[in-house]
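No experiment lies behind these values; they were computed from the predicted model shown.
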Amino acid sequence: MKTKLLNLIVALAFGAEIVTAAPLGSTFTYQGKLVATGQPANGSYDLKFTLYDDGSVGNVVGASLTNAATGVTNGLFTVAMDFGSGVFDGDPRWLEIGVRTNGGSVFTTLSPRQALSAVPYAIYAPNAG
């Protein structure tokens, strides 16, 4: 019985694949709710995201991202963003969002800016020393 158990353990050990963790990237997910004329929006919208170092005035941090033709259903949308790892250095960041109908000419800036919480700051952890 002990021999069979030992053989099983050895077989499992040699048969198992070595699993390595994927490198941590700088992409994170943002979910939001968009309301148009008092009702949950539906359709395709262009969304522009800009990082700032202050909640109301401040400076732009990094480059803006535009997610064209983002699907919005019952007001809800989810987008993946990647501003690069250099913008998350431990200082506070706020996200400004602009929206326009898909293919429209002018973005409407939503207010207020959204404070980013600790989850995107996990990008900074590998560099924290």
Side-chain angles (χ1 to χ4, degrees):
M1 181 71 169
K2 288 183 182 180
T3 304
K4 287 183 180 180
L5 181 59
L6 182 58
N7 287 341
L8 178 61
I9 291 171
V10 170
L12 289 174
F14 285 108
E17 292 182 35
I18 297 175
V19 178
T20 58
L24 178 63
S26 54
T27 301
F28 65 96
T29 301
Y30 182 83
Q31 297 175 322
K33 183 173 184 179
L34 183 61
V35 176
T37 62
Q39 299 296 317
N42 285 291
S44 187
Y45 291 84
D46 297 334
L47 301 173
K48 181 178 179 181
F49 300 96
T50 307
L51 283 180
Y52 282 85
D53 62 2
D54 186 79
S56 58
V57 185
N59 301 301
V60 172
V61 179
S64 296
L65 302 175
T66 300
N67 288 43
T70 302
V72 179
T73 304
N74 293 324
L76 304 176
F77 66 90
T78 300
V79 295
M81 299 185 212
D82 188 352
F83 290 100
S85 60
V87 299
F88 296 107
D89 59 3
D91 291 330
R93 297 288 182 250
W94 283 264
L95 185 64
E96 181 177 274
I97 304 169
V99 62
R100 69 182 179 196
T101 56
N102 182 243
S105 59
V106 178
F107 281 97
T108 299
T109 302
L110 305 180
S111 185
R113 292 178 184 160
Q114 303 298 302
L116 293 180
S117 61
V119 175
Y121 274 105
I123 295 167
Y124 177 66
N127 303 317

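When hydrophobic clusters are built by joining Ile, Leu, Val, Met, Phe, Trp and Tyr residues whose side-chain heavy atoms come closer than 4.5 Å, directly or via intermediates, L34 is grouped together with F49. Linking ILVMFWY residues whenever their side-chain heavy atoms come closer than 4.5 Å, directly or via other members, places V61 and F83 in the same cluster. With hydrophobic clusters built from ILVMFWY side chains whose heavy atoms lie under 4.5 angstrom apart, F107 does not share a cluster with L65.
In this pair, Y30 and F77 present their aromatic rings tilted. The plane angle is within the 30 to 60° band.
Among all heavy-atom pairs drawn from V72 and A41, the shortest one is CG1-O, 3.4 Å. Summarising the geometry of D53 relative to W94, their closest heavy-atom pair is O-CZ3, 3.4 Å, with the distance given to 0.1 Å. Nearest approach of D46 to T101, heavy atoms of both residues: OD2-O, 3.9 Å. The two residues K48 and T66 have their closest heavy-atom pair at CG-OG1, 3.9 Å. When every heavy atom of S64 is checked against every heavy atom of T50, the shortest pair comes out as OG-OG1, 2.8 Å. Summarising the geometry of S44 relative to A69, their closest heavy-atom pair is OG-CA, 3.2 Å, with the distance given to 0.1 Å.
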* So N59 and D54, side-chain contact (heavy atoms from CB on, under 4.5 Å) or not? Walk me through it. -> CA-CA 7 Å; N59 301 301; D54 186 79; over 6 Å; no
* Asked: Checking side-chain contact (heavy atoms from CB on, under 4.5 Å) for the pair N102/Y45: CA distance, chi angles, key distance, verdict?
  -> CA-CA 4 Å; N102 182 243; Y45 291 84; 5.9 Å; no
* **Residues L116, F88; criterion side-chain contact (heavy atoms from CB on, under 4.5 Å); working and verdict** => CA-CA 10 Å; L116 293 180; F88 296 107; 3.8 Å; yes
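Taking the side chain as every heavy atom from C-beta outward, T73 and N42 approach each other to under 4.5 Å.
In summary, of the residues considered (L95, L47, L51, T29), a side-chain contact (heavy atoms from CB on, under 4.5 Å) with M81 occurs for L95 alone.
For the pair R113 and Y52, the distance from NZ or CZ to the six-membered ring centre is under 6.0 Å and the angle to the ring normal is within 45 degrees.
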